[in-house]
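Data block below; observations after.
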Number of protein chains: 2
Amino acid sequence: MAQPAATTLLVWTRLLHAADLAGQHCADALRNVGLPPPEWYDVLLALERGGAQRPRDLQAALGKEQYALSRLVDRMVKARLLARTPCPTDARGHTLTLTIEGLAMRAAMWPVYAEAIERALGARVDEEDRAALARLLAPLAEPLGA
Amino acid sequence: MAQPAATTLLVWTRLLHAADLAGQHCADALRNVGLPPPEWYDVLLALERGGAQRPRDLQAALGKEQYALSRLVDRMVKARLLARTPCPTDARGHTLTLTIEGLAMRAAMWPVYAEAIERALGARVDEEDRAALARLLAPLAEPLGA
DNA sequence: GGCTTTTTCATGCCGATGCATCGAAAGACC
DNA sequence: GGTCTTTCGATGCATCGGCATGAAAAAGCC
(Lines give C-alpha, C1' and ligand atoms only; values in the text may rest on other atoms or scores of the structure.)
Protein backbone atom coordinates (compact mmCIF):
# COMPACT_ATOMS: atom_id res chain seq x y z
CA MET A 1 0.00 0.00 0.00
CA ALA A 2 1.28 3.40 -0.97
CA GLN A 3 1.35 5.60 2.09
CA PRO A 4 0.89 9.20 0.92
CA ALA A 5 3.32 11.83 2.16
CA ALA A 6 2.12 14.32 4.75
CA THR A 7 2.12 17.14 2.23
CA THR A 8 0.00 15.03 -0.10
CA LEU A 9 -2.67 14.65 2.56
CA LEU A 10 -2.52 18.35 3.33
CA VAL A 11 -2.99 19.25 -0.32
CA TRP A 12 -5.77 16.70 -0.51
CA THR A 13 -7.86 18.19 2.25
CA ARG A 14 -7.20 21.78 1.29
CA LEU A 15 -7.90 21.21 -2.39
CA LEU A 16 -11.26 19.62 -1.74
CA HIS A 17 -12.18 22.13 0.91
CA ALA A 18 -11.15 25.14 -1.14
CA ALA A 19 -13.04 23.97 -4.20
CA ASP A 20 -16.11 23.22 -2.12
CA LEU A 21 -16.06 26.65 -0.48
CA ALA A 22 -15.51 28.50 -3.73
CA GLY A 23 -18.14 26.53 -5.62
CA GLN A 24 -20.65 26.90 -2.84
CA HIS A 25 -20.03 30.62 -2.62
CA CYS A 26 -20.76 31.10 -6.31
CA ALA A 27 -23.82 28.90 -6.29
CA ASP A 28 -25.18 30.83 -3.31
CA ALA A 29 -24.45 34.19 -4.91
CA LEU A 30 -26.47 33.24 -7.97
CA ARG A 31 -29.27 31.66 -5.99
CA ASN A 32 -29.53 34.66 -3.70
CA VAL A 33 -30.54 36.84 -6.61
CA GLY A 34 -32.85 34.29 -8.15
CA LEU A 35 -30.53 33.13 -10.94
CA PRO A 36 -29.87 29.55 -12.07
CA PRO A 37 -26.88 27.53 -10.79
CA PRO A 38 -23.37 27.81 -12.27
CA GLU A 39 -23.72 24.72 -14.43
CA TRP A 40 -26.41 26.50 -16.41
CA TYR A 41 -23.96 29.27 -17.07
CA ASP A 42 -21.42 26.82 -18.39
CA VAL A 43 -23.91 25.44 -20.88
CA LEU A 44 -25.04 28.88 -22.00
CA LEU A 45 -21.46 30.04 -22.43
CA ALA A 46 -20.43 26.95 -24.35
CA LEU A 47 -23.31 27.42 -26.76
CA GLU A 48 -22.69 31.12 -27.14
CA ARG A 49 -19.03 30.59 -27.88
CA GLY A 50 -19.34 27.48 -30.01
CA GLY A 51 -22.66 27.99 -31.77
CA ALA A 52 -25.20 25.21 -32.08
CA GLN A 53 -23.87 21.97 -30.69
CA ARG A 54 -25.06 18.47 -30.11
CA PRO A 55 -25.52 17.06 -26.63
CA ARG A 56 -22.56 14.72 -26.88
CA ASP A 57 -20.26 17.63 -27.79
CA LEU A 58 -21.46 19.59 -24.81
CA GLN A 59 -21.05 16.50 -22.68
CA ALA A 60 -17.41 16.20 -23.66
CA ALA A 61 -16.75 19.92 -23.34
CA LEU A 62 -18.28 20.19 -19.90
CA GLY A 63 -17.08 16.83 -18.61
CA LYS A 64 -20.52 15.77 -17.48
CA GLU A 65 -22.16 12.37 -17.50
CA GLN A 66 -24.42 11.63 -20.43
CA TYR A 67 -27.59 11.33 -18.39
CA ALA A 68 -26.73 14.38 -16.31
CA LEU A 69 -26.41 16.53 -19.39
CA SER A 70 -29.53 15.04 -20.91
CA ARG A 71 -31.60 16.10 -17.95
CA LEU A 72 -29.85 19.43 -17.54
CA VAL A 73 -30.75 20.23 -21.14
CA ASP A 74 -34.30 19.12 -20.39
CA ARG A 75 -34.60 21.67 -17.61
CA MET A 76 -33.07 24.44 -19.65
CA VAL A 77 -35.38 23.72 -22.56
CA LYS A 78 -38.34 23.82 -20.20
CA ALA A 79 -37.04 27.17 -18.98
CA ARG A 80 -36.98 28.38 -22.59
CA LEU A 81 -33.24 29.08 -22.52
CA LEU A 82 -32.40 26.40 -25.09
CA ALA A 83 -34.16 24.90 -28.06
CA ARG A 84 -33.74 21.44 -29.54
CA THR A 85 -33.89 21.25 -33.31
CA PRO A 86 -33.61 18.06 -35.35
CA CYS A 87 -30.09 17.30 -36.48
CA PRO A 88 -29.88 17.22 -40.28
CA THR A 89 -27.01 14.74 -40.48
CA ASP A 90 -27.93 12.37 -37.66
CA ALA A 91 -31.52 11.48 -36.96
CA ARG A 92 -30.66 10.08 -33.56
CA GLY A 93 -29.66 13.43 -32.12
CA HIS A 94 -30.50 17.07 -32.30
CA THR A 95 -28.68 20.35 -32.18
CA LEU A 96 -29.02 22.71 -29.25
CA THR A 97 -29.35 26.41 -29.83
CA LEU A 98 -29.59 29.38 -27.52
CA THR A 99 -32.86 31.24 -27.43
CA ILE A 100 -33.00 35.00 -27.02
CA GLU A 101 -33.84 34.41 -23.38
CA GLY A 102 -30.86 32.10 -23.06
CA LEU A 103 -28.56 34.74 -24.43
CA ALA A 104 -30.03 37.30 -22.06
CA MET A 105 -29.72 34.91 -19.13
CA ARG A 106 -26.03 34.37 -19.71
CA ALA A 107 -25.50 38.10 -19.82
CA ALA A 108 -27.49 38.53 -16.63
CA MET A 109 -25.60 35.81 -14.80
CA TRP A 110 -22.10 36.92 -15.64
CA PRO A 111 -21.80 39.99 -13.40
CA VAL A 112 -23.01 38.01 -10.40
CA TYR A 113 -20.85 35.04 -11.25
CA ALA A 114 -17.80 37.21 -11.87
CA GLU A 115 -18.26 39.08 -8.63
CA ALA A 116 -18.51 35.81 -6.70
CA ILE A 117 -15.38 34.42 -8.34
CA GLU A 118 -13.52 37.60 -7.56
CA ARG A 119 -14.56 37.49 -3.92
CA ALA A 120 -13.83 33.80 -3.53
CA LEU A 121 -10.53 33.77 -5.35
CA GLY A 122 -9.21 37.01 -6.78
CA ALA A 123 -9.54 39.03 -3.60
CA ARG A 124 -7.89 36.37 -1.48
CA VAL A 125 -4.77 35.57 -3.52
CA ASP A 126 -2.46 38.10 -5.08
CA GLU A 127 -1.47 38.01 -8.72
CA GLU A 128 1.84 36.28 -8.16
CA ASP A 129 0.26 33.49 -6.14
CA ARG A 130 -2.56 33.12 -8.62
CA ALA A 131 -0.05 32.55 -11.39
CA ALA A 132 1.74 29.98 -9.25
CA LEU A 133 -1.55 28.26 -8.40
CA ALA A 134 -2.59 28.12 -12.03
CA ARG A 135 0.70 26.49 -12.93
CA LEU A 136 0.62 23.99 -10.07
CA LEU A 137 -2.99 23.01 -10.62
CA ALA A 138 -2.57 22.47 -14.36
CA PRO A 139 -1.44 18.83 -14.15
CA LEU A 140 -4.18 18.01 -11.65
CA ALA A 141 -6.86 19.33 -13.98
CA GLU A 142 -5.83 16.79 -16.59
CA PRO A 143 -7.54 13.39 -16.67
CA LEU A 144 -5.72 10.67 -14.78
CA GLY A 145 -4.04 8.13 -16.96
CA ALA A 146 -5.38 4.61 -16.83
CA MET B 1 -18.97 44.82 -11.53
CA ALA B 2 -15.64 43.36 -10.58
CA GLN B 3 -14.05 41.83 -13.65
CA PRO B 4 -11.77 39.02 -12.47
CA ALA B 5 -8.25 38.85 -13.82
CA ALA B 6 -7.40 36.22 -16.39
CA THR B 7 -5.31 34.27 -13.89
CA THR B 8 -8.24 34.28 -11.49
CA LEU B 9 -10.45 32.61 -14.06
CA LEU B 10 -7.74 30.12 -14.87
CA VAL B 11 -7.32 29.20 -11.21
CA TRP B 12 -11.08 29.01 -10.89
CA THR B 13 -11.57 26.43 -13.61
CA ARG B 14 -8.54 24.39 -12.72
CA LEU B 15 -9.31 24.36 -9.01
CA LEU B 16 -12.83 23.08 -9.53
CA HIS B 17 -11.79 20.63 -12.19
CA ALA B 18 -8.85 19.27 -10.20
CA ALA B 19 -10.94 18.79 -7.08
CA ASP B 20 -13.68 17.10 -9.02
CA LEU B 21 -11.28 14.70 -10.73
CA ALA B 22 -9.48 13.82 -7.52
CA GLY B 23 -12.65 13.37 -5.53
CA GLN B 24 -14.26 11.29 -8.23
CA HIS B 25 -11.19 9.12 -8.54
CA CYS B 26 -11.23 8.29 -4.85
CA ALA B 27 -14.95 7.67 -4.72
CA ASP B 28 -14.64 5.34 -7.70
CA ALA B 29 -11.69 3.50 -6.19
CA LEU B 30 -13.69 2.74 -3.06
CA ARG B 31 -16.84 1.83 -4.94
CA ASN B 32 -14.96 -0.47 -7.28
CA VAL B 33 -14.02 -2.70 -4.37
CA GLY B 34 -17.41 -2.52 -2.71
CA LEU B 35 -16.51 -0.06 0.03
CA PRO B 36 -18.56 2.96 1.20
CA PRO B 37 -17.93 6.48 -0.10
CA PRO B 38 -15.23 8.80 1.26
CA GLU B 39 -17.61 10.73 3.49
CA TRP B 40 -18.15 7.60 5.53
CA TYR B 41 -14.43 7.40 6.04
CA ASP B 42 -14.36 10.95 7.34
CA VAL B 43 -16.99 10.15 9.93
CA LEU B 44 -15.29 6.94 10.99
CA LEU B 45 -11.94 8.68 11.29
CA ALA B 46 -13.34 11.60 13.26
CA LEU B 47 -14.95 9.23 15.74
CA GLU B 48 -11.87 7.06 16.01
CA ARG B 49 -9.65 10.05 16.66
CA GLY B 50 -11.99 12.04 18.86
CA GLY B 51 -13.88 9.32 20.70
CA ALA B 52 -17.62 9.48 21.18
CA GLN B 53 -19.06 12.68 19.80
CA ARG B 54 -22.43 14.28 19.35
CA PRO B 55 -23.87 14.92 15.91
CA ARG B 56 -23.46 18.68 16.14
CA ASP B 57 -19.76 18.29 16.90
CA LEU B 58 -19.29 16.04 13.91
CA GLN B 59 -21.27 18.47 11.83
CA ALA B 60 -18.92 21.29 12.70
CA ALA B 61 -15.81 19.15 12.30
CA LEU B 62 -16.82 17.85 8.90
CA GLY B 63 -18.42 21.05 7.66
CA LYS B 64 -21.64 19.34 6.65
CA GLU B 65 -25.20 20.56 6.81
CA GLN B 66 -27.21 19.47 9.79
CA TYR B 67 -29.71 17.40 7.86
CA ALA B 68 -27.01 15.88 5.69
CA LEU B 69 -25.12 14.62 8.72
CA SER B 70 -28.31 13.44 10.37
CA ARG B 71 -29.13 11.21 7.43
CA LEU B 72 -25.54 10.13 6.90
CA VAL B 73 -25.46 8.93 10.49
CA ASP B 74 -28.76 7.16 9.90
CA ARG B 75 -27.28 5.16 7.07
CA MET B 76 -24.15 4.30 9.00
CA VAL B 77 -26.17 3.18 12.00
CA LYS B 78 -28.27 0.98 9.73
CA ALA B 79 -25.03 -0.44 8.37
CA ARG B 80 -23.99 -1.23 11.97
CA LEU B 81 -20.88 0.93 11.76
CA LEU B 82 -22.06 3.44 14.36
CA ALA B 83 -24.24 3.25 17.43
CA ARG B 84 -26.36 5.97 18.96
CA THR B 85 -26.44 6.03 22.73
CA PRO B 86 -28.46 8.48 24.84
CA CYS B 87 -26.50 11.52 25.90
CA PRO B 88 -26.26 11.73 29.70
CA THR B 89 -26.00 15.51 29.88
CA ASP B 90 -28.46 16.51 27.16
CA ALA B 91 -31.62 14.56 26.53
CA ARG B 92 -32.11 16.17 23.13
CA GLY B 93 -29.10 14.53 21.62
CA HIS B 94 -27.11 11.38 21.74
CA THR B 95 -23.51 10.37 21.49
CA LEU B 96 -22.18 8.49 18.51
CA THR B 97 -19.75 5.65 19.01
CA LEU B 98 -17.91 3.37 16.64
CA THR B 99 -18.89 -0.26 16.61
CA ILE B 100 -16.33 -3.00 16.12
CA GLU B 101 -17.45 -3.21 12.53
CA GLY B 102 -17.04 0.54 12.17
CA LEU B 103 -13.49 0.33 13.41
CA ALA B 104 -12.78 -2.52 11.04
CA MET B 105 -14.39 -0.65 8.16
CA ARG B 106 -12.16 2.36 8.64
CA ALA B 107 -9.12 0.12 8.65
CA ALA B 108 -10.34 -1.63 5.52
CA MET B 109 -11.01 1.61 3.71
CA TRP B 110 -7.71 3.32 4.43
CA PRO B 111 -5.41 1.36 2.09
CA VAL B 112 -7.76 1.87 -0.82
CA TYR B 113 -8.33 5.52 0.03
CA ALA B 114 -4.62 6.16 0.51
CA GLU B 115 -3.73 4.50 -2.74
CA ALA B 116 -6.29 6.59 -4.59
CA ILE B 117 -5.01 9.82 -3.04
CA GLU B 118 -1.48 8.89 -3.93
CA ARG B 119 -2.42 8.19 -7.52
CA ALA B 120 -4.52 11.30 -7.89
CA LEU B 121 -2.17 13.68 -6.15
CA GLY B 122 1.09 12.36 -4.80
CA ALA B 123 2.19 10.69 -7.99
CA ARG B 124 1.40 13.71 -10.13
CA VAL B 125 3.09 16.51 -8.17
CA ASP B 126 6.58 16.39 -6.73
CA GLU B 127 7.32 17.18 -3.12
CA GLU B 128 8.39 20.75 -3.74
CA ASP B 129 5.25 21.59 -5.68
CA ARG B 130 3.08 19.85 -3.10
CA ALA B 131 4.51 22.07 -0.41
CA ALA B 132 3.87 25.13 -2.55
CA LEU B 133 0.32 24.00 -3.27
CA ALA B 134 -0.40 23.39 0.38
CA ARG B 135 0.78 26.89 1.20
CA LEU B 136 -1.13 28.56 -1.61
CA LEU B 137 -4.36 26.69 -0.94
CA ALA B 138 -4.31 27.41 2.77
CA PRO B 139 -6.12 30.77 2.58
CA LEU B 140 -8.71 29.36 0.18
CA ALA B 141 -9.57 26.58 2.58
CA GLU B 142 -10.58 29.14 5.18
CA PRO B 143 -14.21 30.31 5.35
CA LEU B 144 -14.91 33.49 3.42
CA GLY B 145 -15.50 36.52 5.56
CA ALA B 146 -19.00 37.99 5.52
C1' DG C 1 -41.61 29.11 39.17
C1' DG C 2 -43.41 30.67 34.46
C1' DC C 3 -42.40 32.39 30.03
C1' DT C 4 -39.81 33.09 25.72
C1' DT C 5 -35.85 32.06 22.88
C1' DT C 6 -32.25 29.06 21.36
C1' DT C 7 -30.21 24.74 20.49
C1' DT C 8 -30.38 19.92 18.91
C1' DC C 9 -31.88 16.58 15.92
C1' DA C 10 -35.26 14.39 12.75
C1' DT C 11 -38.24 14.32 8.64
C1' DG C 12 -41.71 15.25 4.67
C1' DC C 13 -41.40 16.94 0.27
C1' DC C 14 -39.32 17.83 -3.93
C1' DG C 15 -35.62 18.17 -7.16
C1' DA C 16 -31.11 16.23 -8.67
C1' DT C 17 -27.85 12.40 -9.35
C1' DG C 18 -26.12 7.59 -10.24
C1' DC C 19 -26.87 3.33 -12.34
C1' DA C 20 -28.62 0.39 -15.51
C1' DT C 21 -31.07 -0.15 -19.54
C1' DC C 22 -33.59 0.74 -23.66
C1' DG C 23 -34.88 2.19 -28.51
C1' DA C 24 -33.28 3.96 -32.53
C1' DA C 25 -30.10 5.35 -35.85
C1' DA C 26 -25.40 5.04 -37.76
C1' DG C 27 -21.43 2.64 -39.01
C1' DA C 28 -18.64 -1.54 -40.01
C1' DC C 29 -18.14 -5.75 -42.17
C1' DC C 30 -19.18 -9.41 -45.27
C1' DG D 1 -28.40 -5.70 -49.32
C1' DG D 2 -28.10 -8.10 -44.62
C1' DT D 3 -26.24 -8.50 -40.08
C1' DC D 4 -23.63 -7.15 -36.10
C1' DT D 5 -21.61 -3.61 -33.35
C1' DT D 6 -21.25 1.02 -31.83
C1' DT D 7 -23.02 5.56 -30.85
C1' DC D 8 -26.63 8.80 -29.33
C1' DG D 9 -29.87 10.18 -26.32
C1' DA D 10 -33.72 9.34 -22.96
C1' DT D 11 -35.71 7.27 -18.80
C1' DG D 12 -37.32 4.08 -14.68
C1' DC D 13 -35.75 3.33 -10.28
C1' DA D 14 -33.52 4.03 -6.12
C1' DT D 15 -30.70 7.13 -3.49
C1' DC D 16 -29.07 11.54 -2.00
C1' DG D 17 -29.22 16.50 -1.03
C1' DG D 18 -31.64 21.14 -0.15
C1' DC D 19 -35.26 23.50 2.11
C1' DA D 20 -38.54 24.17 5.35
C1' DT D 21 -40.60 22.64 9.34
C1' DG D 22 -41.48 20.17 13.60
C1' DA D 23 -40.78 18.32 18.25
C1' DA D 24 -38.39 18.28 22.35
C1' DA D 25 -35.08 19.75 25.56
C1' DA D 26 -32.07 23.43 27.31
C1' DA D 27 -30.90 28.07 28.38
C1' DG D 28 -32.01 32.78 29.29
C1' DC D 29 -34.99 36.12 31.50
C1' DC D 30 -38.34 38.22 34.58
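The basis for the numbers below is simple: all heavy atoms, side chains too, and nothing from hydrogens, waters or symmetry mates. Convention: sequence-line order gives letters A, B, ...; per-chain numbering from 1.
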- Task: Find which nucleotide of DNA chain C each of B/Gly93 and B/Asp28 is nearest to by heavy atoms, and output the residue with the more 5' nucleotide.
- Result: B/Gly93
- Once you round it to whole Å, what is the distance between P of C/dT17 and CD of B/Gln24? 13 Å
- Salt bridge present between A/Arg54 and A/Asp90 (N-O < 4.0 angstrom): yes
- Query: Do any side-chain nitrogens or oxygens of B/Arg92 fall under 4.0 Å of OP1 or OP2 in D/dG22?
  - Reply: no
- Taking C-beta and beyond as the side chain, do B/Leu121 and A/Pro4 meet within less than 4.5 Å on heavy atoms? no
- Note on the structure: Whole-Å distance, A/Asp57 CG to D/dT7 C1', equals 13 Å
- May I ask you to verify if any side-chain N or O of A/Tyr67 is less than 4.0 angstrom from the OP1 or OP2 atom of C/dC19? yes
- Counting only side-chain N and O atoms of A/Arg71, is one of them less than 4.0 Å from OP1 or OP2 of C/dA16? no
- Taken to the nearest 0.5 Å, the spacing of B/Arg130 CZ from A/Leu136 CG works out to 12.0 Å
- Query: Are A/Arg80 and A/Glu101 ion-paired here, with the side-chain N under 4.0 Å from a carboxylate O?
  - Reply: no
- Message: Under 4.0 Å from OP1 or OP2 of C/dA10: is there any side-chain N or O of B/Ser70 that close?
- Response: yes
- Nearest-Å distance, CZ (A/Arg54) to C1' (D/dA10)? 14 Å
- Query: Which nucleotide in the set C/dT17, D/dT7, D/dG17 lies at the smallest distance from any side-chain heavy atom of A/Glu39?
  - Reply: C/dT17
- Note on the structure: Taking C/dC9, C/dG18, D/dA10 as options, the one with an atom nearest any side-chain atom of A/Arg84 is D/dA10
- Rounded off to whole Å, could you give me the CG-to-C1' distance for the A/Leu69 and D/dT11 pair? 15 Å
- Message: When you measure from the side-chain N and O atoms of A/Arg31 to the phosphate of D/dC19, is any distance below 4.0 Å, counting only OP1 and OP2?
- Response: yes
- Note on the structure: note: A/Lys64, atom NZ; D/dG9, atom C1'; distance rounded to Å ~ 16 Å
- Note on the structure: Among D/dG18, C/dC9, D/dG9, the one nearest any side-chain atom of B/His94 is C/dC9
- Nearest-nucleotide comparison on DNA chain D, the residue closer to the 5′ end among B/Asp90 and A/Val73: A/Val73
- B/Asp74 atom CG is separated from D/dG17 atom P, nearest whole Å, by 12 Å
- Item | Geometric class of the B/Tyr41/B/Trp110 ring pair [parallel <30°, tilted 30-60°, perpendicular >60°] | parallel
- Using whole Å, report how far CD of A/Glu65 lies from P of D/dG9. 15 Å
- Considering only C/dT17, C/dC9, D/dG18, which nucleotide approaches the side chain of A/Arg75 most closely? C/dT17
- Task: Starting at atom CG of A/Leu72, determine the distance to atom C1' of C/dG15, rounded to an integer number of angstrom.
- Result: 13 Å
